[in-house]
Amino acid sequence: MTTRDALPETILPPQYTPSDVESVLYDRWIERGYFTADAASEKPAYTIVIPPPNVTGSLHMGHAPQHTLMDALTRRKRMQGYEALWLPGMDHAGIATQNVVERELAADGLTRHDLGREAFVERVWQWKSEYGGRILGQMRRLGDGVDWSRERFTMDEGLSRAVRAIFVRMYADGLIYRAERIINWCPRCLTALSDIEVEHSDDEGELVSLRYGDGANEIIVATTRVETMLGDTGIAVHPDDDRYRHLVGTLIELPLTGRMIPVVADEHVDPEFGTGAVKVTPAHDPNDFAIAQRHQLELISVMDESGAITVPGQFEGLDRFAARDAVTVALRDLGRVVAEKRPYVHSVGHCSRCRTVVEPRLSLQWFVQVAPLAKAAGDAVRDGRTRIVPAELSKRYFDWVDNMHDWCISRQLWWGHRIPVWYCPDGHITVPDTDPSECATCGSSELHQDEDVLDTWFSSGLWPFSTLGWPDETPDLAKFYPTDVLLTGYDIIFFWVARMMMFGLYAMPDVPFKTVALTGLVRDARGKKMSKSSGTAIDPLDWMDRYGTDAVRFALARGSNPGSDLPMAEEWVEGARNFTNKLWNATRFAVMSGATVVGDLPAPDEQSTADRWILSRLAQVVAQVDVAYDGDASIDGAEGFEFGDIARTLQGFAWNEVCDWYIELAKLPINRGGREAEVTRRVLGEVFDVLLRLLHPLMPFVTEELWTTVTGNESVVIAPWPTPVYAADADAERAVAALQDLVTEVRKFRSEQQIKPGVKLPAVIVAEPDVALLLAAHTAEIGALARLSDVAISTGIPDGWSEVHVPGARVGLDLSGTIDVVAERARLVKAIAAAQAERDQVSAKLANPSFADKAPPPVVEKTRARLAEAEAEMRRLTALLSALPGQ
RNA sequence: GGGCGUGUAGCUCAGUGGAAGAGCACUCGGUUUACACCCGAGUGGUCGCAGGUUCGAACCCUGCCGCGCCCACCA
């Protein structure tokens, strides 16, 4: 097929170029259907549904880590033999999308009303087909292994049926109702908002104190929204407040209007706050509304839907902010303003879409009664049916579900699922499965459908099962529900996660996911939240262009710790790119050295010490990575999803162990040839086969390219996940550790003495018997790595040679001609001081009587050994110092 | 106002009771033929502060300070 066998080095150039392989490989994966799940499969299912991005959105730094991690999870499970499904799709994003299209119309001087409802909705669909879903193409760039055959959209036909079905059912069960309540209203979007669509910020306003009544009947109240006083229908005080006890039940005149309003006693009032008296505006404040309900106060709306005053008279038609000033002036003229405190910083709600100040407003809307649903959603986490990782964030979830208010689900928009409710002229309500032709109550055929649409989150709350075919009992639903993991940012835990839990438990009725894995938010290098407005947002695609997708993915994974924020800077990506290239070149070395995966792994007694060491380490790394992915119930705090650990473990192993030591050690037998070369080539092949499979979920492209080259197999996407089969080999690990210690110490010495790397020093090793045993067979390796000549195990070091000391062994080096006496003396003096400090510290510790009594024996023993070692080192160094020439 | 988290090397972070760690940055040395997107060596920490528990504390307890996030119907 290729000429690889003839000239292996030509197919892997010395640098990895991501753009050469990424799109080719992705297309190949899709073509071969690797990501298409089969509901009829015998394999166990593993399901993740994507948190559907807004149809208006594009891929940004917030998505990139979550996509990487979801992809890693499903790719690994696929390799582990699961029928893995990662289901993609998008959210219709009601207000956001409607706003985008309305802005487009505005550019032509049009409003949605100019088009009319039907044409406008048509226009939104048209927008969607032209510009929507840019993010889907970007997901291909990221390498997302999603099942494109199952892509869904919250407004598509199936999902709309699900919305209809659950609405009808919940209405029948009394969980959806219509009522006139105080809701959050956006005077610009002209729609109701739910609590979560309101963002609070501390704004400067003015607190104005007003005097109502006169003389003995005087009561002072304060407000930040003076204009609402036009709708005051009462004054509330605490029932135990002696200052006002005599006024409760009396009527007081409201300035400007002349209306007589009652003073009522209500527990809700905090007597410590302000004057302890509250003006009550039931139509424009949720608290006041509640008070009014308890005391049968009148409801008077003073504004229309755009926030203009409707009360006849001098203020009529004024915008609420203009009216605030005008009313204040008018009251001041009447001598009713007793204090003005400005600036007064207080929390003000804003529309999360357009930042307009939200106006609490009395309005007839549809609501979900959440108490029973939220209770079930809380219990599912409390009893462990759904696990939240990290567990600490469960508390936030409980706070949310335990304190949820009824959810306003109707929106005065056109883009969305229209509320499936019909009214007849007599006001009867019909909520049918299919569009009705007559009123269910009176049979009237004069029906009109509710004009409103449902909150976007209503349909996204159904996502885990609506995407699988619900309300039909489809094979997908049977196979893939409940899903395994929901992975999303912790910022979204409340509104979306809780809603999916409520709907899933109600409709299925089973939890929608077994685990909620929460990631942090991406921050820039200085720890600031990335945002478009501050100019700190970085386009992940730009980085992918310059460093490759795998580098971006790996950098994101390496910075991910469960539930904590993820700092990201270009240097991290650069480092990850360097790692992809390191991996590329290491594999290139393996290929050029004839590494192979053909045939059985040679038996341990045929393998070199280095072979046995690296396989032993490889088995540990596999186990470590598995625990980091899956957690381990027997280890406290090991909850899994430790992607940062996984990335760091694999990078450290690949770079610091495989590349820095194993490859260097393997060069010797390979160069010597013969059977030992064959053995090491086979082990080398094994190491890269396994390592590349371990890395594949995080770095899909480079591993695919390399793994297929090394193994000659079809694709690492469908390769099995490694399971450790090699024996742990403590002897080999000890031997290599001793070798590493010794080589590192000699290198350090050479560096300090400024001996040129090219100079090969004659050397002898004097070692304690057990260490000698470990080192004797590896003098050639030591010589090669430390650049020594004629290395031999000996019983003594010739006079005048320098010494390097490691635990259990000494190396004598013949520096004749190369030694710098001054530098050597300085080195020795420094080393003696260090050894002395160590001895003093350790002996002080041992001298403490309670240490010997209470510390566990192994600790004491270890400490004694340290003391002996330090003393021996001091003696040795002192001897060397006095032996220096010119002394 | 309430809650949660966090403070370890210049930077970003691991480390949860027994000799302070990694990556990046920095310094020095390198034609060692897989890789300069590299190799080798090194410098650098009163583990926020103050108490306490313990033979022993970065780790457990208490208080304080700084920073971050979330929730909230403070008129």
Side-chain angles (χ1 to χ4, degrees), chain A residues 9 12 14-16 182 195 200 207 221-225 236 268-270 272-281 285-290 346-347 349 360 392-393 395-396 399-400 403 405 490-491 493-494 520-521 523 525-529 547 551 558-559 561 563-569 571-572 574-593 636-637 644-645 648 651-652 656 659-660 663-664 667 743-744 747-752 754-758 784-785 787 838 841-842 845 848-856 858-860 862-863 866:
Chain A
E9 52 271 62
L12 291 180
Q15 270 200 5
Y16 171 53
I182 297 282
D195 291 348
H200 293 267
L207 184 70
V221 297
T223 179
T224 54
R225 293 155 67 213
H268 167 264
V269 178
D270 175 5
E272 306 292 322
F273 189 94
T275 60
V278 186
K279 66 190 266 305
V280 181
T281 321
D285 184 283
N287 283 329
D288 294 5
F289 181 79
H346 64 132
S347 180
E392 306 92 80
L393 286 174
K395 186 159 178 354
R396 275 202 198 177
D399 284 348
W400 176 259
N403 298 304
H405 297 148
Y490 63 69
D491 54 331
I493 177 170
F494 317 105
L521 309 177
R523 294 169 174 279
R526 284 206 295 267
K528 294 269 184 284
K529 200 168 167 175
Y547 299 104
R558 197 173 46 190
N561 294 300
S564 56
D565 286 345
L566 161 64
M568 197 34 58
E571 300 97 273
W572 312 176
E574 203 181 316
R577 186 273 315 268
N578 295 352
F579 178 52
T580 61
N581 198 54
K582 185 72 179 176
L583 199 62
W584 178 270
N585 273 290
T587 312
R588 182 165 162 262
F589 166 83
V591 171
M592 289 193 296
S593 304
D636 194 34
D645 263 12
R648 284 188 293 266
Q651 179 175 351
N656 304 131
C659 291
D660 290 349
I663 283 183
E664 295 307 320
K667 283 175 180 173
V743 167
T744 301
R747 283 171 174 169
K748 180 173 163 185
F749 178 78
R750 294 180 60 122
S751 178
E752 283 167 354
Q754 306 205 356
I755 294 165
K756 295 284 173 202
L785 296 182
R787 316 234 93 211
E838 166 80 355
Q841 190 196 328
V842 176
K845 184 169 186 175
N848 184 341
S850 46
F851 176 75
D853 293 347
K854 305 206 180 169
V859 173
V860 177
K862 222 166 115 188
T863 310
R866 276 174 61 198

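All values below come from the heavy atoms of this structure, side chains included, with hydrogens, waters and symmetry mates left out. This one's a predicted model, so the numbers in the text were calculated from it and none came from an experiment.
Closest to the A:T223 side chain, of the nucleotides B:A75, B:G18, B:C35, is B:A75. Checking B:A34, B:G40, B:C55 against every side-chain atom of A:S751, the shortest atom distance belongs to B:G40. Taking the side chain of A:N848 as heavy atoms from C-beta on, and the options B:A41, B:A34, B:C55, the nearest nucleotide is B:C55. Distances were taken from every side-chain heavy atom of A:T224 (C-beta onward) to each of B:A75, B:A34, B:G18; the shortest belongs to B:A75. When the nucleotides B:A75, B:C69, B:C35 are ranked by their closest atom to the side chain of A:R396, B:C69 comes out on top.
For the pair A:K862 NZ and B:C55 P, the computed distance is 20 Å after rounding to whole Å. The interatomic distance linking A:F589 (CZ) with B:C38 (P) rounds to 18 Å, in whole Å. Distance CD (A:E838) to C1' (B:A20): 13 Å, rounded to an integer number of Å.
Of the possible polar contacts, none joining the A:R866 side chain to the A:E838 backbone as a donor-acceptor pair under 3.5 Å is found. The backbone N or O of A:Q15 lies less than 3.5 Å from no partner atom in the side chain of A:N585, so there is not a single donor-acceptor pair. Between the side chain of A:R747 and the backbone N or O of A:R787 there is no donor-acceptor pair closer than 3.5 Å.
Using a 4.0 Å heavy-atom criterion, one finds that A:V269 contacts the bases of the nucleic acid, with or without backbone contacts as well. If you check every strand for non-hydrogen atoms under 4.0 Å, A:H405 touches a base.
With a cut-off of 3.5 Å on both Watson-Crick or G-U wobble distances, the partner of B:U16 is given as none. Under the Watson-Crick and G-U wobble criteria, each requiring two contacts below 3.5 Å, nucleotide B:C28 is paired to B:G40. Checking B:U6 for Watson-Crick or G-U wobble geometry (two distances, each under 3.5 Å) identifies B:G66 as its partner.
Both A:G575 and A:K395 sit near RNA chain B, but only A:K395 has its closest nucleotide nearer the 5' end.
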Q | Verdict with reasoning, A:V842 to A:T863, per side-chain contact (heavy atoms from CB on, under 4.5 Å) | A | CA-CA 7 Å; A:V842 176; A:T863 310; 3.6 Å; yes
